[in-house]
Structure formats: structure tokens, C-alpha cells
Amino acid sequence: MVSVASWNINSVRLRMPIVAQFLTEQAPDVLCLQEIKTVEETFPFEAFNALGYTHHAIHGQKGYHGVATVSRIPMKEFSRHDWQANGEARHVGVELTGRGLGSGQDMVIENVYVPAGGDVPDREVNPKFGQKLDFLQRMTDWAETIERPTLIVGDFNIAPLESDVWSHKQLLKVVSHTPLEVETLQRFKDAHDFVDVGREFIKDPERYFSWWSYRSKDYRVGDRGRRLDHMWASPELAAKATGHSIYEDCRGWEKPSDHIPLVTEFAL
DNA sequence: ATGGTAGGAACCCTA
């Protein structure tokens with residue numbers, strides 16, 4: 001059994017107490033973090049080592065963005081992509097190495113932080129929106145070249161289904177749920193026949209959110225959430241998924257991230 | 001229709 005978690009942590013240094021609580025309670029084998037907001041030099045390695053997560057792949061950046069994958073089972077860094085072509089740290093890939101490659105048990109884990117895309121869903125007036133679409137197109141080109149069982153996880157910053165948002169109608173023109181973004185994400189999905197593992201276990205149209213804005217006093221009031229975080233697997237790997245859990249309580253913990261962690265378990 | 005909060009770095013940008 002291998003379990004993999006994904007969590008947009010919004011500053012790993014500030015959030016280390018709740019990361020430690022989550023790892024202590026749930027003990028996933030691998031944790032993929034997005035928005036670590038630090039460079040590798042100031043990443044809290046010792047805190048993760050003390051919890052047993054002694055394998056690390058850090059793609060950090062000063063102040064913004066940044067991703068990190070930590071593990072308590074052997075792994076090594078496999079790739080880094082700059083799908084925005086501007087130097088931002090939004091991806092790191094690892095391969096699990098402890099089980100022997102070619103054993104039918106190997107897995108590549110791609111940890112990605114898709115750009116949010118700004119406020120206006122029009123690339124002519126908002127270049128960030130264009131960068132988001134271009135990022136997804138480069139991911140799509142890359143997906144066509146995948147040759148090994150792959151799990152891609154992270155903050156995709158898109159909620160594709162009507163049941164992924166608190167109000168489909170009210171969010172149709174809000175960046176993260178526009179038809180153009182949903183279509184662009186679908187093309188990425190089709191490029192490798194990715195399986196949306198979360199939705200294999202929490203079926204549409206069941207409510208499934210992973211993010212609630214900070215801009216409200218109590219995230220529970222109105223439950224205005226969106227599913228921005230995803231775990232997608234190659235078909236042969238998705239067939240080995242045995243469970244999927246989300247931890248909404250973490251949104252109410254002390255000094256929370258605005259995202260919650262997701263965990264998928266695989267029989268490998 | 002609007003503005004609301006959070007984090008990091010440096011007094012603004014990103015989300």
C-alpha cells in the first residue's frame with residue numbers, strides 16, 4: 001500500500017504546526033505541498049525529518065509559489081518543468097524508488113501548482129489569464145509524452161464540474177470555473193486519458209470542495225467552496241487506487257491554509 | 001455591485 005497526499009499549504013514555514021498534526025494523524029507515505037513560499041535554503045527540513053519524512057524534493061522560490069514533495073519511503077527527484085516559461089517554481093516530479101523499477105510497482109508523482117490566472121477571464125486585458133491557459137497547453141503537450149504510470153496532483157486552480165463549486169451559475173464568469181478553463185483542462189486530461197481519482201470515490205454530483213476563501217469570517221457560513229485541488233492518475237495506476245479521503249476539518253484548524261489536504265491510497 | 005483576508009517581502013504583489 002502506498003498513500004499520497006496533496007495540500008496547498010500557503011507558506012510551509014508558517015503552517016508547520018498543522019502540517020505536523022496532519023502527518024502525525026494520517027501518516028501518508030508521500031506529501032506533495034504547493035505554495036510553500038520559500039526557497040530550499042529555508043525549507044523546514046528538520047521538522048519533516050523528525051516526523052520520519054526524510055526524503056525531499058524541493059522546487060522553491062522566494063516569496064511566492066514553490067512546491068515540495070516529501071516522503072517517508074524512498075524516492076528521488078525525477079523532473080522539473082517550467083510550464084509557464086517564466087522561471088516560476090510550480091512543478092517538481094519524483095519517482096518512487098524503493099520497490100524496484102520494472103516491478104510493476106513503480107510510480108511517478110508529479111506535483112504541480114497551476115497559476116491562479118488573475119481576476120478577469122480575458123487574456124487580452126489580463127495577461128495572467130493567458131499565462132494560465134498557456135501553462136495548461138504546455139502541460140498537455142507534455143502529457144502526450146508520458147511513458148510510465150503517473151500520478152499528477154496539486155492545485156490546478158480549476159473546478160471543472162458543476163458539483164465542484166457552491167454555485168455553478170454564479171461562478172461561470174469567475175476565473176477557476178469558466179467554460180474556457182474547463183475545456184482547456186479537459187484537453188490536458190484527454191492527452192493521457194488521466195483518471196480523476198477523487199471523483200472515482202466521491203462521485204459527481206456529490207458535493208466535493210477543497211478550498212474556501214479567506215475573505216469570509218467563517219468558511220462554513222454559506223459553504224462557498226470550490227474543488228481546485230486534484231489527483232489524477234494514468235489508467236493502469238488509477239485501477240490500483242483503493243481509497244480517497246479529504247480532510248475538511250483542516251480548514252478550521254489554527255492558522256489554516258485556505259486549501260485542505262487530499263489523500264489517495266494505492267495497492268502497489 | 002462591491003469588497004472582503006492572508007502571506008511574504010519590502011511598502012506591493014500574488015492569491
Side-chain angles (χ1 to χ4, degrees), chain A residues 6-22 32-44 47 58-68 82-91 111-123 125-136 139 153-160 164-167 169-178 181 184-185 209-230 248-262:
Chain A
S6 177
W7 197 1
N8 178 320
I9 202 60
N10 186 19
S11 173
V12 67
R13 288 177 292 174
L14 191 72
R15 230 60 84 184
M16 203 56 223
I18 64 169
V19 173
Q21 183 178 347
F22 174 70
C32 299
L33 296 168
Q34 302 87 38
E35 259 198 289
I36 61 173
K37 291 189 171 177
T38 181
V39 291
E40 185 167 355
E41 287 70 24
T42 46
F43 185 83
I58 316 297
H59 189 184
Q61 180 180 334
K62 186 175 180 179
Y64 306 107
H65 322 307
V67 293
D82 179 3
W83 286 315
Q84 203 167 2
N86 67 354
E88 292 182 358
R90 294 180 176 276
H91 169 268
N111 177 2
V112 64
Y113 177 38
V114 176
D119 290 331
V120 183
D122 178 347
R123 70 190 306 156
V125 299
N126 169 25
K128 287 181 185 301
F129 190 70
Q131 287 175 355
K132 181 179 194 176
L133 298 175
D134 294 344
F135 188 103
L136 291 163
M139 282 178 73
V153 308
D155 179 1
F156 291 9
N157 264 314
I158 296 174
D164 291 338
V165 294
W166 63 275
S167 169
K169 197 174 175 181
Q170 288 179 253
L171 289 172
L172 272 171
K173 292 179 179 173
V174 173
V175 173
S176 74
H177 193 60
T178 64
E181 287 168 278
T184 306
L185 184 65
F209 304 151
S210 70
W211 173 89
W212 293 259
S213 173
Y214 284 126
R215 297 175 186 179
S216 101
K217 281 194 172 71
D218 184 342
Y219 77 99
R220 297 175 190 85
V221 175
D223 192 28
R224 296 189 169 191
R226 306 178 202 169
R227 184 171 73 116
L228 302 180
D229 302 273
H230 301 270
E248 284 193 30
D249 287 354
C250 295
R251 185 61 181 80
W253 285 1
E254 190 73 20
K255 297 284 284 178
S257 169
D258 44 354
H259 296 252
I260 60 168
L262 324 177

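Chain naming here is simple, since letters A, B, ... match the order of the sequence lines and numbering starts at 1 in each. Values below: every heavy atom of this structure, side chains too, minus hydrogens, waters and symmetry copies.
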Are any protein N/O atoms closer than 3.5 Å to N/O atoms in nucleotides 3-6 of chain B? If there are, list each pair with its distance.
from: B:dG4; atom 1: O6; to: A:Arg215; atom 2: NH1; distance (Å): 2.8
from: B:dG4; atom 1: N1; to: A:Arg215; atom 2: NH1; distance (Å): 3.2
from: B:dT5; atom 1: O4'; to: A:Tyr214; atom 2: O; distance (Å): 3.1
from: B:dT5; atom 1: N3; to: A:Arg215; atom 2: NE; distance (Å): 3.4

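OP1 or OP2 of B:dT14 has at least one side-chain nitrogen or oxygen of A:Lys128 nearer than 4.0 Å.
Computed from coordinates, the A:Asn8 CG to B:dG7 P distance equals 12 Å when rounded to whole Å. Rounded to an integer number of Å, the gap from A:Gln61 CD to B:dC13 C1' is 12 Å. Put simply, NZ on A:Lys62 is 13 Å from P on B:dG8, counting in whole angstrom units. B:dC13 atom P lies 17 Å from atom CD of A:Glu35, rounded to whole Å. Between the CG atom of A:Asp119 and the C1' atom of B:dT2 there is a distance of 13 Å, rounded to whole Å. Between A:His65 atom NE2 and B:dA15 atom C1' there is a gap of 9 Å when expressed in whole angstrom units. Counting to the nearest Å, the C1' atom of B:dG7 and the CD1 atom of A:Ile18 are 13 Å from each other. Between A:Ile36 atom CD1 and B:dT14 atom P there is a gap of 18 Å when expressed in whole angstrom units.
At a threshold of 4.0 angstrom between heavy atoms, the contacts of A:Tyr113 are confined to the sugar-phosphate backbone, with no base atom among them.
Distance alone, capped at 3.5 Å, places no donor-acceptor pair between the A:Asp229 side chain and the A:Ile260 backbone.
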Please step through side chain to side chain donor-acceptor pair (under 3.5 Å) for the pair A:Glu88 and A:Tyr64, ending with a clear verdict. CA-CA 8 Å; A:Glu88 292 182 358; A:Tyr64 306 107; over 6 Å; no
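The side chain to side chain donor-acceptor pair (under 3.5 Å) test applied to A:Glu248 returns A:Arg207, not counting sequence neighbours. By the ring-ring contact (aromatic ring centres under 6.0 Å, His included) test, A:Phe43 pairs with A:Phe45, A:Phe48, sequence neighbours left out.
Two residues, A:Gly63 and A:Ala116, neighbour DNA chain B, and the one matched to the more 5' nucleotide by heavy-atom proximity is A:Gly63. Checking A:Thr38 against A:Asp258, the closest nucleotide of DNA chain B that is more toward the 5' end is the one next to A:Thr38.
The two atoms that bring A:Pro44 and A:Arg13 nearest to each other are CD-CG, 4.2 Å, heavy atoms only.
Comparing the C1' positions of B:dA9 and B:dA15 gives an interatomic distance of 15 Å, to the nearest angstrom. Straight-line distance between the C1' atoms of B:dC11 and B:dG7: roughly 15 Å, to the nearest whole Å. Look at the P atom in both B:dA6 and B:dT2: the space between them is 23 Å, to the nearest Å.
Set against B:dG7, B:dT14, B:dA10, the side chain of A:Arg90 has B:dT14 as its closest nucleotide.
When only modelled atom types and interatomic distance are considered, A:Trp83 and A:Asp134 share no side-chain donor-acceptor pair under 3.5 Å.
Classified by interplanar angle (parallel below 30°, tilted 30° to 60°, perpendicular above 60°), the ring pair A:His259/A:Trp211 is tilted.
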